[in-house]
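Not measured: the values here are computed from a predicted model.
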Amino acid sequence: MFTNPEQFANATKALFEFQLETFNTLTARAVQGVEQVVALNMATAKSNMADGLATGKEISQAADPKATMSLAAAKVQPGVAGATAYNQQLGAIIADIREEFTRAADAHMAEAKTNLSALIYDVTKNVRPGSENAVQIVKAAIDNAFTGYEQVTKATKQAVQSVEEQIAKANALVEQKAAEAAKAAGAAANASNG
């Protein structure tokens, strides 16, 4: 495929430009994801603060301890729903980032594989007698570079999957603790009624 050094240089340049484009796309998506997470955290903090102030005001105006316990118990469930919604939104942001990274990595992998295959073919096709060892060294270097790239891509996918699993575990823990808190608040409200 590459019959002269200029074609080889052009192919190498095209591969490098594609790598830069992929890197820029992934960097922009990562920054966008961070912006989304920050916006979600800010909105959640603002909402929690407003809810906390409103709850504090309601509890401070309660007529007796029984009313206070009832108000506190009533406020537990909306907090659970908010935590669950937060975790779902965070999970959606991370899933979108993972999908974009996977799509870009797969496209880059296919392009790199095509170019590397053409390079290997060209190197082996135009080899001079007695240069077989040099060809093997070049082939090994290209194969090692490609293998390293595959490993980085695999590690990135595993890292994103691990984050998603941690979010799922955190969501389950929040729901469990909220259910326990609601049960305890309900029991306390019932005890103050009796």
Side-chain angles (χ1 to χ4, degrees), residues 18-110 148-194:
F18 186 72
Q19 288 173 335
L20 270 176
E21 180 185 325
T22 302
F23 178 75
N24 287 338
T25 300
L26 294 180
T27 301
R29 183 59 185 111
V31 168
Q32 182 184 17
V34 169
E35 289 172 349
Q36 289 175 314
V37 170
V38 168
L40 175 63
N41 287 341
M42 292 299 290
T44 301
K46 184 178 178 181
S47 175
N48 286 345
M49 185 178 289
D51 291 346
L53 290 172
T55 299
K57 184 177 179 181
E58 287 178 36
I59 289 175
S60 70
Q61 295 173 349
D64 57 39
K66 178 180 169 185
T68 302
M69 292 304 289
S70 295
L71 278 171
K75 297 299 180 180
V76 169
Q77 195 58 37
V80 172
T84 301
Y86 172 84
N87 284 334
Q88 288 171 344
Q89 289 174 338
L90 185 60
I93 291 169
I94 290 172
D96 288 347
I97 292 171
R98 182 199 63 203
E99 183 180 323
E100 184 124 0
F101 270 59
T102 300
R103 185 176 34 243
D106 289 347
H108 185 76
M109 186 77 77
Y149 182 79
E150 286 178 327
Q151 289 173 346
V152 167
T153 301
K154 183 179 177 182
T156 301
K157 288 179 182 179
Q158 289 174 340
V160 171
Q161 182 180 7
S162 176
V163 169
E164 288 177 330
E165 289 170 359
Q166 293 303 319
I167 288 173
K169 287 178 185 176
N171 192 24
L173 185 62
V174 165
E175 290 176 0
Q176 176 189 358
K177 294 298 180 185
E180 290 172 5
K183 185 177 177 181
N190 288 337
S192 68
N193 288 340

Please output the side-chain donor-acceptor pairs of residues 30-40 that fall under 3.5 Å, not counting sequence neighbours, one pair per line with the distance.
unit_1	atom_1	unit_2	atom_2	d
Gln32	OE1	Arg29	NH1	3.4
Gln36	OE1	Arg29	NH1	3.4

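In this structure, Ser47 contributes its side chain and Ala43 its backbone to no donor-acceptor pair below 3.5 Å.
With sequence neighbours left out, Gln89 forms a side chain to side chain donor-acceptor pair (under 3.5 Å) with no residue at all. The side chain to side chain donor-acceptor pair (under 3.5 Å) search around Asp51 returns none, not counting sequence neighbours.
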